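These numbers were taken from a predicted model, which means no experiment stands behind them. Every heavy atom of this structure was used, including side-chain atoms; hydrogens, water molecules and symmetry mates were not.
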Amino acid sequence: MTGLWEKGAEGATTLEIVTRDLDTTHGFDCYLVGPESVAKLTSGCFVPELEINTWSNVFCAHRVLAPAVVEAFDSGAALAFDDDDTPHRRQ
């Protein structure tokens, strides 16, 4: 996937499109990994504010092949969702 967000790259796309495809087509959960927090990007958790125009680290794990990794990242994700699917920062 190298080069998907490079300036002027042919076929360049967005983080949301790539992570949605990894989620819905290939069974991955993806997370934006920051220096002090983790934000889930898949399974309906993507919020537009996470589409940043700078270098970032994204980690993806397969839900079937690596469920323990997904569970560990889910438990540490900085964003949580209310019953009405409204995102908020975890306390």
Side-chain angles (χ1 to χ4, degrees):
M1 286 197 184
T2 302
L4 288 176
W5 296 279
E6 289 178 13
K7 191 173 186 176
E10 185 176 329
T13 189
T14 65
L15 178 63
E16 181 179 15
I17 290 170
V18 171
T19 55
R20 185 180 331 126
D21 180 57
L22 286 168
D23 178 15
T24 60
T25 305
H26 304 287
F28 284 86
D29 277 354
C30 297
Y31 308 83
L32 179 66
V33 181
E36 297 179 19
S37 64
V38 174
K40 191 167 186 175
L41 300 173
T42 49
S43 301
C45 296
F46 192 91
V47 291
E49 293 79 17
L50 298 176
E51 190 79 61
I52 55 176
N53 191 18
T54 188
W55 180 265
S56 57
N57 293 308
V58 174
F59 174 83
C60 298
H62 197 273
R63 288 186 292 272
V64 173
L65 300 176
V69 175
V70 170
E71 184 178 332
F73 268 81
D74 279 347
S75 67
L79 290 179
F81 290 81
D82 295 328
D83 291 337
D84 65 354
D85 293 330
T86 303
H88 66 274
R89 291 190 74 62
R90 277 206 173 129
Q91 301 298 328

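For the pair E16 (side chain) and E51 (backbone), a donor-acceptor distance under 3.5 Å is absent.
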So D23 and T19, side-chain contact (heavy atoms from CB on, under 4.5 Å) or not? Walk me through it.
-> CA-CA 6 Å; D23 178 15; T19 55; over 6 Å; no

Assess whether side-chain contact (heavy atoms from CB on, under 4.5 Å) is satisfied between V33 and V58, documenting all intermediate values.
-> CA-CA 6 Å; V33 181; V58 174; over 6 Å; no

Between H62 and V69, is a side-chain contact (heavy atoms from CB on, under 4.5 Å) present by the stated rule, with each step listed?
-> CA-CA 8 Å; H62 197 273; V69 175; over 6 Å; no

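Atom SG in C60 sits 5.0 Å away from atom CG in L22 (nearest 0.5 Å). Between the CG atom of L32 and the CG atom of L41 there is a distance of 5.5 Å, given to the nearest 0.5 Å. Distance check: L50 CG to S56 OG gives 9.5 Å after rounding to the nearest 0.5 Å. To the nearest 0.5 angstrom, D74 atom CG is 10.0 Å from R63 atom CZ.
Grouping the Ile, Leu, Val, Met, Phe, Trp and Tyr side chains by contacts below 4.5 angstrom, directly or via other members, places L15 apart from I17.
With a 4.5 Å cut-off on side-chain heavy atoms, F59 and V38 do not count as touching.
Taking all atoms of both residues into account, the shortest heavy-atom contact from S75 to A72 is OG-O, 2.9 Å. What you find for S43 and D29 is that their closest heavy atoms are OG-OD1, 3.2 Å.
Classification of the F73-Y31 ring pair by plane angle, with boundaries at 30° and 60°, yields tilted.
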